[in-house]
Every structure is written in structure tokens, then in C-alpha cells.
Amino acid sequence: MPEYMGCDNVVIGEIGPHTDWHHALKDVSVVVHLAARVHVMNEASRDPLSEYRRINLGGTVILARQAAECGIKQFIFISTIKVNGELSLPNHPFSENDLAAPESDYGISKYEAERALWRINKRTGLPITIIRPPLVYGSGAAGHLNTIRNWILKGLPVPLKSVKNKRSFIGVENLVDFIVTCIANKKAYNQVFLVSDGQDLSTAGLFEKIGDALGKPAWLIPCSVRILSAIATILGKESVGTRLFSSLQIDSSKACNALGWTPPVTPEEGFRKAFDKYAD
């Protein structure tokens, strides 16, 4: 992380397996690596997995190798809960002890980067900390949260009141606080952590939280989940249906117990900060 404790910004340019990071690593003791290829909504590549690997695997490996050469004391890698899988069984949240089961190109590339980091750790002794967050929300949130915000602001009906799934999220303030907790903390060395806000929400609950933050209650109406799933499949939106109706829960107890960490910001406060500029 070129900017930390008052250091200047350093422009890197293209990230990949041949990036030269040495000038960015000068006078740095801890690297927090967040850069990645993510959420490509309109994929143009004929081989998306290779593109994900080029940046998420190749870019990470070359940075970690050069970090080890420069004597970096800790390498913190922001991975993804998608390494564990796309959905969890009801009332069976993912934990660090679960076998990896990535399905998406993004998740696969992140898991391969994790494995490569452990090999570098074994060869060089570079202390590694891996963090797998779920969906991160905050000011300027894009993607699906942006879609939900626009839907609510337009006052459109949302037929999701009957959805009773559970999904974990983490506000950017909580994620940053956990990263800071891990920095130079030897209890975090060579560990994997799953972190969230600690309060899981159904899809309907997510709409309600964002509506409350916007000062405009979401217009939720009941509808059979089975019917909604069938409609999503017919429309070729099965992956969207999966995100809306399935569960993806995280057990953050290791982070809390091992490092004494608790999320400092509640989901209510986090969503309010994220959408404050849109509220009446």
C-alpha cells in the first residue's frame, strides 16, 4: 500500500505479472493489496478467466515476490468470500475451516492467488494475512446496491417481501478498521479471516435498510419465491435470482476472538453514510 502513515501516492500503471513495484515499496513496512479485476458487467474478453488470472494472480504474485525481496514485514491480501463459494447452506455460515469451492472466474483467480501467496510465504518467510470479505458497501457504492438505491428512489414496487434468506455484508468503515487491526499484529500473521458486519440481512431486509438510509421506505410486496425463481429462469436471469433468494453467510468469530475485533459501525450507520447524499 504506497500511501500509509502520510506517505506519498505512487502511480503504478498497468497491473500484471510483469509490473515493477520496487519504487512503490521503498520505505514501506506493510503492504495491503486490494487492487483486482472485479465485477466486469459487460465482459469483452474472449477468455475472461485468463484476464482475471493476469491481474489477480499474476499481479499479486509479482508484488508479493518483490515485497519479500524488499524486506516487507507483512503482506495483507484482500481476497473474497467467493473463494468459499457463491452461496451457503441455510444456517451454515462459511468459516475459515471450510474447503475452498470457488465457482466464478473472479473467485477462482483469487483462490489461486491465495495458494501462490502461501507458496511464497513458505519459500521466503513473508508473513501473509488473507481477508475474505463479502459484498462491501460504502459511499459511491456501485453494482447491485446502486440498482437497489435507484429502484427505491423511483418508488417502484419490490416483490421480495417474502424472501427470508440471509446474507452477510460489510461496510467499508468496518473493513478498513479490521485491516488496521491486522497491520503489524503478529496474531494476524499467516492467517485467513472471514469478516462481516456481524448482522446478516435478508434481501427484503437489505431493501429496508437502504430505504431507511435514503429516508424513503422501500415498497415491498409479498410474492412466492418459487414463482419469482421460475420467472428469473425463464428470463435468463437465473444468476440474479440466485443472488436475490439464496443465502451467503459468514462466521466472523475467528476475527473477533483471535484479534479482539468488533465491528465499530452498525449496518444502520454504515448504510446511512453510504447513501446520505441521496437522502431527502
Side-chain angles (χ1 to χ4, degrees), residues 15-16 33-61 77-119 128 130-137 141-148 160 163-170 175 192-197 200-203 206 225-226 228-252 254:
I15 294 175
H33 184 44
L34 303 99
R37 186 183 199 260
V38 300
H39 307 311
V40 179
M41 305 303 291
N42 297 303
E43 183 61 71
S45 174
R46 294 183 178 180
D47 187 1
L49 181 55
S50 292
E51 280 300 296
Y52 279 104
R53 282 173 168 158
R54 182 176 65 84
I55 298 172
N56 299 350
L57 173 59
T60 300
V61 167
F77 179 59
I78 309 304
S79 186
T80 172
I81 193 57
K82 288 180 179 289
V83 168
N84 288 70
E86 294 293 323
L87 55 89
S88 60
L89 296 175
N91 300 314
H92 285 80
F94 284 134
S95 77
E96 295 83 359
N97 297 323
D98 293 323
L99 294 176
E103 299 177 27
S104 66
D105 291 344
Y106 171 60
I108 291 169
S109 67
K110 282 289 197 175
Y111 177 52
E112 291 174 347
E114 288 187 14
R115 294 177 65 186
L117 286 174
W118 292 127
R119 290 193 293 270
I128 302 293
I130 292 174
I131 302 172
R132 296 179 189 165
L135 188 151
V136 181
Y137 63 89
H144 303 300
L145 293 182
N146 186 52
T147 300
I148 293 174
L160 300 174
V163 179
K164 305 298 182 184
N165 62 339
K166 293 292 182 182
R167 298 186 75 88
S168 299
F169 302 89
I170 188 165
L175 179 57
V192 176
F193 295 103
L194 275 59
V195 290
S196 74
D197 284 337
D200 299 335
L201 301 171
S202 66
T203 300
L206 176 62
V225 174
R226 183 176 297 180
L228 291 173
S229 298
I231 293 173
T233 300
I234 292 171
L235 295 176
K237 301 292 184 181
E238 191 170 359
S239 61
V240 175
T242 299
R243 287 192 293 270
L244 289 173
F245 312 132
S246 63
S247 294
L248 201 166
Q249 293 179 273
I250 284 179
D251 179 358
S252 297
K254 177 181 176 180

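- The side-chain heavy atoms of T203 and F245, taken from C-beta on, include no pair separated by under 4.5 Å.
- Only one option out of L175, I170, I250 pairs with D197 in a side-chain contact (heavy atoms from CB on, under 4.5 Å); it is I170.
- Scanning both residues, A113 and F77, for their nearest heavy atoms gives CB-CZ, 3.7 Å.
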key: Verdict with supporting geometry, V195 and I131, side chain to side chain contact (heavy atoms under 4.5 Å, CB included)   = CA-CA 7 Å; V195 290; I131 302 172; 3.7 Å; yes
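- Shortest non-hydrogen contact noted between L244 and L160 is CD2-CD1, 4.2 Å.
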request  = Would you please test V83 and V192 for side chain to side chain contact (heavy atoms under 4.5 Å, CB included) and show each step?
outcome  = CA-CA 12 Å; V83 168; V192 176; over 6 Å; no
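- Residues R53 and I108 form a side-chain contact, since some pair of their non-hydrogen atoms from C-beta on lies under 4.5 Å apart.
- Ring geometry for Y52 versus Y106: interplanar angle of 30 to 60°, hence tilted.
- Contact check on E112 versus R115 returns no salt bridge, with no Lys/Arg side-chain nitrogen under 4.0 Å from an Asp/Glu carboxylate oxygen.
- Nearest heavy atom pair, residue S79 against residue E114, reads OG-OE2, 2.6 Å.
- Separating the CG atom in L248 from the CD atom in E86 is a distance of 7.5 Å, to the nearest 0.5 Å.
- Applying the side chain to side chain donor-acceptor pair (under 3.5 Å) definition to pairs two or more places apart or across chains, none involves residues 88-97.
- In this structure, S202 contributes its side chain and K164 its backbone to no donor-acceptor pair below 3.5 Å.
- Separating the CD1 atom in I234 from the OG atom in S229 is a distance of 11.0 Å, to the nearest 0.5 Å.
- In this structure, K82 contributes its side chain and R132 its backbone to no donor-acceptor pair below 3.5 Å.
- Atom CG of L194 is separated from atom OG of S252 by 7.0 Å, given to the nearest 0.5 angstrom.
- Side-chain N or O atoms of N56 include one that pairs as donor or acceptor with a backbone N or O of R37 at under 3.5 Å.
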key: CA sep, side-chain torsions, deciding dist, call: N165, S246, side chain to side chain contact (heavy atoms under 4.5 Å, CB included)   = CA-CA 6 Å; N165 62 339; S246 63; 5.6 Å; no
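- Rounding to the nearest 0.5 Å gives a distance of 12.0 Å between CG of D200 and CG of L206.
- In this structure, K110 and P102 have side chains that are not in contact, with every pair of non-hydrogen atoms separated by 4.5 Å or more.
- Within the 3.5 Å criterion, the main-chain N or O of L57 finds no donor-acceptor partner in the side chain of S109.
- The only member of T80, I81, N84 that meets side-chain contact (heavy atoms from CB on, under 4.5 Å) when paired with P134 is I81.
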